[in-house]
Amino acid sequence: MLSSTSLNPITNPKIPFFSSFSIQNPSLLSFHLPFSPSKTLLKPISATLIPSTPQPQQQQLYQPFRPPPSPLPPKFRSLDAQGRLDVLANRNGLWFEYAPLIPSLYQEGFSPPSIEEITGITGVEQNRLIVASQVRESLIQSKTDEDVMSFFDTGGAELLYEIRLLSASQRAEAVRYIVENGLDAKGAQDLARAMKDFPRRKMDKGWKSFEYGLPGDCLSFMYYRLSREHRNPSEQRTAALMQALQVAESESAKKEVSEELEGGEDEKPEKDDDLEYRVRVPVVRMQFGEVAEATSVVVLPVCMAEEDTKELLEAPLECRSGGDFGVVEAEKGWKRWVVLPSWEPLAGLRHGGVVVAFSDARVIPWKSNRWYKEEAILVVTDRNRKEVEVDAAFYLAMVDGGGLKVDTGSALKEMGVKESLGTVVLVVRPPKEESDDQLSDEDWD
């Protein structure tokens with residue numbers, strides 16, 4: 001009987017250690033291995049797999065923080081707050097060099113009034129200097145001609161400020177035109193507005209004759225459009241067309257303006273009888289706080305022009321106010337209301353009045369070249385007067401496929417429409433910060 005010790009492998013100190021299995025079959029080992037195991041296996045055996053191709057080294061994801069370069073010129077970077085204030089007060093250096101000092105003072109807690117008190121630079125001028133320096137830097141980055149940029153070395157911040165809303169390529173063309181034609185701040189402002197507004201006027205008469213890439217053509221088109229706001233013929237219209245012809249750059253633009261200038265002289269003015277017969281719809285611009293200051297107001301339901309006629313027909317017909325507090329009471333509930341001063345066209349509109357809100361004033365049949373045509377408007381309509389009687393009057397009608405529009409009586413009669421949804425009595429424009437003129441009698445087609 002074998003003991004447990006008899007199962008232990010036999011070891012020989014002269015040969016390397018092998019497992020019991022390998023020792024028990026030495027013949028098999030020697031048969032399959034043509035080499036001597038005692039020599040080969042002296043090297044340490046590693047379980048690590050060696051890749052066939054070297055793996056790419058991983059990119060270092062961590063990037064050390066590098067602060068952005070200081071916008072201050074090198075000669076001003078070492079100055080403390082008081083030193084920068086002294087530079088601004090004495091206007092040391094060129095304007096675009098000390099302009100970046102202003103926002104650096106803002107970051108340290110100074111306000112525009114405090115800087116104005118110390119340096120004498122008003123808040124408006126501070127903003128102009130900051131914006132103009134940024135515009136100048138963008139022109140330099142876009143490789144604008146050095147001869148053009150040298151014009152603004154000793155001044156011209158007010159000119160660069162006016163073109164702030166233009167793109168980089170537009171700015172380069174604008175400054176070239178400004179320098180070549182010696183424009184002042186007002187001229188630069190008109191040029192920037194004309195270039196910014198030009199792409200939106202594709203539907204206007206004569207637009208294709210003017211080239212967008214030429215600042216002079218954009219400015220010419222602005223004057224060309226302005227001429228159409230005046231009666232034909234008139235001194236104002238002729239003066240605007242002369243301005244348009246003077247600044248036009250392309251031959252096609254000059255031809256378009258010249259034809260308009262020559263053709264206008266042959267057109268006959270309207271007869272006085274026609275002007276007296278024309279129905280004029282009042283158009284008013286709301287003023288901020290006007291409702292609060294009004295001694296009498298009217299409350300009218302509002303419908304959206306995009307909705308169908310069902311909403312218009314369901315709107316309340318009458319709103320009454322009474323009692324010591326003038327509480328307004330409608331015949332039924334409604335979700336949209338507007339309060340307007342009791343202007344003369346609205347004074348008698350107590351029953352059947354409704355307001356239709358249009359998001360784009362181009363649906364109204366006034367001349368298509370008005371500057372404000374994209375703004376939202378409210379059209380006050382009398383639903384008690386639906387019959388289409390007067391050709392020159394304006395009526396609320398339904399657009400094919402739904403929605404509401406305003407059209408003339410003559411246009412509705414041509415379509416065979418005898419009854420509208422109501423007669424337009426007033427058009428209200430939204431309040432604006434800057435003041436502008438109301439519609440004149442000639443603005444309605």
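Predicted model only: the values in this text are computed from it and were never measured. The chain is numbered in sequence order, starting from 1.
Using a 4.5 Å heavy-atom threshold, the side chains of Val87 and Glu97 count as separate. The closest side-chain heavy-atom distance from Tyr98 to Thr119 is not below 4.5 Å. With contacts defined as side-chain heavy-atom distances shorter than 4.5 Å, the pair Arg201/Met222 does not qualify. For the pair Phe151 and Leu159, the minimum side-chain heavy-atom distance is below 4.5 Å. Taking 4.5 Å as the limit, some side-chain heavy atom of Ser220 sits within range of a side-chain heavy atom of Val257. Using a 4.5 Å heavy-atom cutoff, the side chains of Leu139 and Leu160 are in contact. Put simply, the side chain of Pro341 reaches to within 4.5 Å of the side chain of Val291, judged on heavy atoms.
Of the possible polar contacts, one joining the Arg164 side chain to the Tyr161 backbone as a donor-acceptor pair under 3.5 Å is found. The backbone N or O of Val297 sits nowhere less than 3.5 Å from a side-chain atom of Ser342 that would complete a donor-acceptor pair. Remark: the backbone N or O of Ala168 is not paired with any side-chain donor or acceptor of Ser138 at under 3.5 angstrom. With Arg285 contributing its side chain and Pro430 its backbone, the two residues share a donor-acceptor pair below 3.5 Å. In this structure a side-chain-to-backbone donor-acceptor pair under 3.5 Å is present from Ser227 to Tyr224. Here the side chain of Ser104 pairs a donor or acceptor atom with the backbone of Leu101 at under 3.5 angstrom. Listed for the Ser114 side chain is no donor-acceptor partner under 3.5 Å among the backbone atoms of Phe110. In this structure a side-chain-to-backbone donor-acceptor pair under 3.5 Å is present from Gln126 to Ile121. Side chain of Trp334 to backbone of Val302: a donor-acceptor contact under 3.5 angstrom is found. For the pair Tyr395 (side chain) and Glu389 (backbone), a donor-acceptor distance under 3.5 Å is present.
Atom CZ in Arg84 sits 10.0 Å away from atom CD1 in Ile115 (nearest 0.5 Å). Going from atom CZ of Phe210 over to atom SG of Cys218 covers 10.0 Å, rounded to the nearest 0.5 Å. Rounding to the nearest 0.5 Å places CG of Leu421 at 8.5 Å from OG1 of Thr381. One finds the CD atom of Gln82 at 10.0 Å from the CG atom of Leu105 (value rounded to the nearest 0.5 Å). Leu129 contributes atom CG, which lies 12.0 Å from atom CZ of Phe96 (distance to the nearest 0.5 angstrom). Interatomic distance, CG of Leu219 versus CG of Asn181, reported as 9.0 Å (0.5 Å rounding).
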Walk me through whether Val427 and Leu378 qualify under side-chain contact (heavy atoms from CB on, under 4.5 Å). CA-CA 6 Å; Val427 176; Leu378 298 178; over 6 Å; no

Going through the distances and angles, do Val247 and Tyr177 end up as a side-chain contact (heavy atoms from CB on, under 4.5 Å)? CA-CA 10 Å; Val247 299; Tyr177 189 86; 3.6 Å; yes

Between Ser142 and Arg171, is a side chain to side chain donor-acceptor pair (under 3.5 Å) present by the stated rule, with each step listed? CA-CA 9 Å; Ser142 60; Arg171 289 175 180 178; over 6 Å; no

Please evaluate residues Ile163 and Ile178 with respect to the criterion side-chain contact (heavy atoms from CB on, under 4.5 Å), reporting the C-alpha separation (whole Å), side-chain torsions for both, the decisive distance (0.1 Å), and the verdict. CA-CA 10 Å; Ile163 64 172; Ile178 290 172; 4.1 Å; yes

When you look at Val175 and Phe152, which way does the side-chain contact (heavy atoms from CB on, under 4.5 Å) test go after all the steps? CA-CA 10 Å; Val175 294; Phe152 301 96; 4.1 Å; yes

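Nearest heavy-atom pair across Tyr106 and Ser111 is CE2-C, 4.3 Å. Annotation for Glu158 and Ala185: closest pair CG-CB, 4.1 Å, computed over non-hydrogen atoms. Here the shortest heavy-atom pairing between Pro215 and Leu191 reads O-CD1, 3.5 Å. When all heavy atoms are compared, the tightest approach of Lys254 to Ala248 is CE-O, 3.2 Å. In this structure, Glu116 and Gly123 approach most closely via the heavy-atom pair OE1-N, 3.7 Å. Pairing each heavy atom of Ala315 with each of Cys303, the nearest pair is CB-SG, 4.0 Å.
By the neighbour-count criterion of 12 heavy atoms within 6.0 Å, atom CE of Met242 is sparsely surrounded, having that number or fewer from other residues, nucleotides or ligands. For Gln246, the CD atom counts as loosely surrounded, since its 6.0 Å shell holds 12 or fewer non-hydrogen atoms of other residues, nucleotides or ligands. Within 6.0 Å of the NZ atom in Lys332, the count of heavy atoms belonging to other residues, nucleotides or ligands exceeds 12. Summarising the local packing, CD of Glu329 is surrounded by 12 or fewer heavy atoms from other residues, nucleotides or ligands at distances under 6.0 Å.
One finds a salt bridge joining Lys405 and Asp407 here, because a Lys/Arg side-chain nitrogen approaches an Asp/Glu carboxylate oxygen to under 4.0 Å. Residues Arg200 and Asp197 are paired through a salt bridge, judged by an N-O separation under 4.0 Å between the basic side chain and the carboxylate. Between Glu173 and Arg176 a salt bridge is recorded (basic side-chain N to carboxylate O distance below 4.0 Å).
A search for ring pair (Phe, Tyr, Trp, His ring centres under 6.0 Å) contacts involving Phe198 returns Trp207, Tyr212, Phe221, not counting sequence neighbours. Partners of Glu162 by side chain to side chain donor-acceptor pair (under 3.5 Å), not counting sequence neighbours: none found. Applying the side chain to side chain donor-acceptor pair (under 3.5 Å) rule to Glu311 yields the partners Arg336; only residues at least two apart in sequence or on another chain are considered. Remark: Ser209 engages Glu256 in a side chain to side chain donor-acceptor pair (under 3.5 Å) (not counting sequence neighbours).
Applying the side chain to side chain donor-acceptor pair (under 3.5 Å) test to pairs two or more places apart or on separate chains, those with a residue in residues 413-426 are Asp391-Lys413. Residues in residues 129-153 take part in these salt bridge (charged side-chain N to carboxylate O under 4.0 Å, His left out) pairs, two or more places apart or across chains: Arg136-Asp153.
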